[in-house]
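Data block below; observations after.
All heavy atoms count here, side chains included; hydrogens, waters and symmetry mates do not.
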Amino acid sequence: MSDPYRAPASAIPSAPKSAGTAWFVIGLACAALTALVPTLIVPSFGEVFRGFGAPLPWSTQWLLRGYLALWILPVLVVLLRLFWPWPQRRMQTAGGFGVLCALLVLPACVAALYLPIFALSKTI
């Protein structure tokens, strides 16, 4: 016989624990891609810019000198995953940071690489 005063069992399952893992993996992949793309592309732009002989904007100079520093981004994603102060949100925070890196840093790198080209087009 069932108890009429007992709350009914919920038919809605709780969120799977793999959702946090998926966020972390996506964020780590985005951060790694954010570091990999400039690593593959920036050296070839450096050769082109040397041929221009024109002064480069500070953002382009920084990117040409320090594009390998972007490899700190995947490391930061892992560190957020390990040391975020609220354990129940670690995976989502780390993943969100990785996605945010891809959305902000990659366009900034593209802009820094194309600024000298736009500047030279004004002089022609």
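Two different hydrophobic clusters hold L80 and V99 under the rule that ILVMFWY side chains link at heavy-atom gaps under 4.5 Å. L68 is connected to V42 through a chain of hydrophobic side-chain contacts under 4.5 Å among Ile, Leu, Val, Met, Phe, Trp and Tyr, so both are in one cluster. If you chain together hydrophobic residues whose side chains sit under 4.5 Å apart, L40 and F49 fall into the same group. Following chains of ILVMFWY side-chain contacts shorter than 4.5 Å, one can reach W62 starting from Y114, so the two form part of one hydrophobic cluster. Hydrophobic cluster membership is shared by W86 and V78, with clusters built from Ile, Leu, Val, Met, Phe, Trp and Tyr side chains linked at under 4.5 angstrom.
Counting heavy atoms from C-beta outward, P43 and Y67 have side chains that approach closer than 4.5 Å. The shortest distance between side-chain heavy atoms of V75 and L79 falls below 4.5 Å. Annotation: side chain of C109 is not in contact with side chain of V37 (no heavy-atom distance under 4.5 Å). Using a 4.5 Å cut-off on side-chain heavy atoms (C-beta onward), L106 and P38 make contact.
Judged by distance alone, with hydrogens and angles left aside, the side-chain atoms of T93 form a donor-acceptor pair with the main-chain N or O of R89 at under 3.5 Å. A donor-acceptor contact shorter than 3.5 Å links the side chain of S44 to the backbone of I41. In this structure, S59 contributes its side chain and A112 its backbone to no donor-acceptor pair below 3.5 Å.
Atoms CG and CG, on L56 and L63 in that order, are 11.0 Å from each other to the nearest 0.5 Å. Rounding to the nearest 0.5 Å gives a distance of 7.0 Å between CG of L64 and CG of L113. Atom SG of residue C101 and atom CD1 of residue I72 lie 11.0 Å apart, to the nearest 0.5 angstrom. Between F45 atom CZ and I117 atom CD1 the span is 5.5 Å, to the nearest 0.5 Å.
In plain terms, the two heavy atoms of L28 and P74 that are nearest each other are CD1-O, 3.7 Å. Of all the heavy atoms in P85 and P87, the pair that sits closest is O-CD, 3.3 Å. A pairwise comparison of heavy atoms in A94 and R81 identifies CB-N, 3.8 Å as the closest pair. Nearest approach of L73 to F97, heavy atoms of both residues: O-CE2, 4.2 Å. Residue P116 comes nearest to P57 through the heavy atom pair CG-CD, 3.8 Å, listed as atom of the first residue, atom of the second, then distance. What you find for R90 and W84 is that their closest heavy atoms are NE-O, 2.7 Å.
Remark: the W71 side chain and the T39 side chain contain an N/O donor-acceptor pair separated by less than 3.5 Å.
For F52, the CZ atom counts as densely surrounded, since its 6.0 Å shell holds more than 12 non-hydrogen atoms of other residues, nucleotides or ligands.
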